[in-house]
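Below is one structure, written out as structure tokens; the observations come after it.
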2 protein chains.
Amino acid sequence: MPQTGRSGCPINLTLEQLGDRWSLIVIRDIMFGNRRSYGELLAQSEEGIASNILADRLKRLTACGLLTRRPDPEHRQKRIYSLTEAAIQLVPLLAHMAAWGRRHARPSKELSVRAELLEKGGPALWNAFMDELRHLHLGAPRPARSVFGELQAAYEKALARRAR
Amino acid sequence: MPQTGRSGCPINLTLEQLGDRWSLIVIRDIMFGNRRSYGELLAQSEEGIASNILADRLKRLTACGLLTRRPDPEHRQKRIYSLTEAAIQLVPLLAHMAAWGRRHARPSKELSVRAELLEKGGPALWNAFMDELRHLHLGAPRPARSVFGELQAAYEKALARRAR
DNA sequence: TGTAACCACTTGCGCAATGCAAGTGCTCGC
DNA sequence: GCGAGCACTTGCATTGCGCAAGTGGTTACA
């Protein structure tokens with residue numbers, strides 16, 4: 001996503017920052033998968049992102065203010081990536097993308113369970129999730145409800161169902 | 001957007017269809033600008049899309065069921081592109097993209113007026129707009145309210161304000 | 001009836017982005 | 001001290017993007 005500056009249209013500007021095949025995948029994995037380091041993002045990537053592409057996207061997303069990077073106090077060579085408030089506000093967008101894909105593409109059953117919950121929960125759920133992300137990434141107080149836990153539990157249940 | 005089939009995740013599938021810098025721009029212009037032919041899309045493109053890229057995107061979007069193409073009864077060499085129901089259901093997604101871009105990028109004032117209206121109107125406005133698109137593109141009955149007209153009027157008012 | 005403009009693309013070519021595989025240099029555990 | 005882990009980087013081939021020019025049919029007008 002080079003800064004091309006094609007026009008001042010808000011949709012275009014969003015596409016200039018996020019309109020490629022990997023940026024939102026990386027944000028999705030940090031957001032819904034809680035992958036916080038380069039290694040986790042690389043090894044557990046559902047889509048098999050290449051290492052150089054991942055490095056490039058982490059750099060770009062950090063540069064344009066969607067991610068922050070800090071050293072891990074436990075492992076001196078590890079870096080922890082966190083979402084910024086701007087990235088957290090992509091939750092409704094990703095929820096809509098998931099809903100659209102669920103309806104108009106052919107998603108796998110297990111992977112669309114979370115999309116279904118997100119769609120059914122609507123804005124109330126998204127806001128609760130965003131509060132939780134602010135806790136996990138920005139140091140805000142822990143909210144009462146853990147949407148992340150709910151999504152994860154539903155996903156694992158679907159996985160178990162398939163394994164049987 | 002080649003069909004890469006990286007994973008069955010709905011977000012990934014949506015990105016595989018629409019995750020590039022031009023596909024959603026084309027849909028935006030058809031949807032909000034009512035550009036219905038190749039020539040209109042090319043000449044009035046705010047971002048200056050290249051002719052071969054436009055041809056390619058129209059072909060792809062038609063192939064994957066987001067657009068339909070039919071001859072213009074008035075001009076034998078003209079083709080009219082229409083949105084399908086799947087594309088019309090991208091309205092909330094584009095509205096969120098516009099809202100995010102308006103908040104987190106630096107949009108031009110005139111071009112963000114429509115985004116502001118879309119955001120303030122919320123799902124009720126989006127649904128009214130989708131009904132109108134079904135009239136314009138799918139032959140459904142004309143709804144009472146013309147969101148398209150409202151958006152256009154606000155945009156032109158903003159343009160006039162700038163011209164002064 | 002000729003001709004100029006219009007229309008929907010296509011082609012050629014240089015450059016940038018993508019993707020794979022391998023490599024680098026530091027750090028941690030033992 | 002040494003192998004495994006970590007966060008990237010590098011080289012190279014393939015693919016996609018973007019500009020400019022071209023193509024072949026159609027319409028409008030003199």
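Chain identifiers are assigned alphabetically (A, B, ...) following the order of the sequence lines, protein sequences preceding nucleic acid strands; residue numbering begins at 1 within each chain. Computation of the quantities below employed the complete heavy-atom set of this structure, encompassing side-chain atoms and omitting hydrogens, waters and symmetry-equivalent molecules.
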Does a nitrogen or oxygen in the side chain of [X] sit under 4.0 Å from OP1 or OP2 of [N]?
{"X": "A/Lys59", "N": "D/dT9", "result": "yes"}
{"X": "A/Arg57", "N": "C/dT18", "result": "yes"}
{"X": "A/Arg76", "N": "C/dC28", "result": "yes"}
{"X": "A/Trp22", "N": "C/dA17", "result": "no"}
{"X": "B/Arg6", "N": "C/dG19", "result": "no"}
{"X": "A/Arg79", "N": "C/dC26", "result": "no"}
{"X": "A/Tyr38", "N": "D/dT9", "result": "no"}

Please state how far atom [atom1] in [X] lies from atom [atom2] in [N], giving the value in whole angstrom units.
{"X": "B/Leu41", "N": "C/dA8", "atom1": "CG", "atom2": "P", "result": "9 Å"}
{"X": "A/Arg21", "N": "D/dT14", "atom1": "CZ", "atom2": "C1'", "result": "14 Å"}
{"X": "A/Leu58", "N": "D/dA7", "atom1": "CG", "atom2": "C1'", "result": "10 Å"}
{"X": "B/Leu42", "N": "C/dC7", "atom1": "CG", "atom2": "C1'", "result": "11 Å"}
{"X": "A/Glu16", "N": "D/dG18", "atom1": "CD", "atom2": "P", "result": "11 Å"}
{"X": "A/Ile49", "N": "D/dA7", "atom1": "CD1", "atom2": "P", "result": "14 Å"}
{"X": "A/Leu54", "N": "C/dG19", "atom1": "CG", "atom2": "P", "result": "12 Å"}
{"X": "B/Asp56", "N": "C/dT11", "atom1": "CG", "atom2": "C1'", "result": "14 Å"}

Check your understanding: Less than 4.0 Å between a side-chain N and a carboxylate O, is that true for A/Arg102 and A/Glu119?
Key -> yes

Practice item. Give a yes or no on whether a salt bridge exists between A/Arg28 and A/Glu47, defined as a side-chain N under 4.0 angstrom from a carboxylate O. Key: yes

Give the nucleotide from the list [options] with an atom nearest to the side chain of [X].
{"X": "A/Ser37", "options": "D/dC8, D/dA7, D/dA20", "result": "D/dA7"}
{"X": "A/Ala50", "options": "C/dC7, C/dC20, D/dA7", "result": "C/dC20"}
{"X": "A/Ala55", "options": "D/dT9, C/dT18, C/dT10", "result": "D/dT9"}
{"X": "A/Gln77", "options": "C/dT27, C/dC7, D/dC17", "result": "C/dT27"}

**Study point:** Whichever of A/Glu40 and B/Ile53 has its nearest DNA chain D nucleotide further upstream toward 5'
**Key:** A/Glu40

**Study point:** Residues B/Ser146, B/Glu132; criterion side chain to side chain donor-acceptor pair (under 3.5 Å); working and verdict
**Key:** CA-CA 7 Å; B/Ser146 172; B/Glu132 189 175 6; 2.7 Å; yes

Exercise for review: Show the numbers, then the answer: is there a side chain to side chain donor-acceptor pair (under 3.5 Å) between A/Arg79 and A/Ser37?
Suggested key: CA-CA 6 Å; A/Arg79 280 85 198 261; A/Ser37 66; over 6 Å; no

**Study point:** cation_pi(A/Arg114, A/Tyr155) dist<6.0 Å, angle<=45
**Key:** yes

Exercise for review: Can you label the angle between the B/Phe148 ring and the B/Phe129 ring as parallel, tilted or perpendicular, going by 30° and 60°?
Suggested key: parallel

Revision key, fill the gap. On DNA chain C, more 5' by nearest nucleotide between A/Glu74 and A/Gly48 is A/Gly48

Review point. Quick one: does A/Asn52 reach the base of C/dG19 with a side-chain donor-acceptor pair under 3.5 Å?
Key: yes

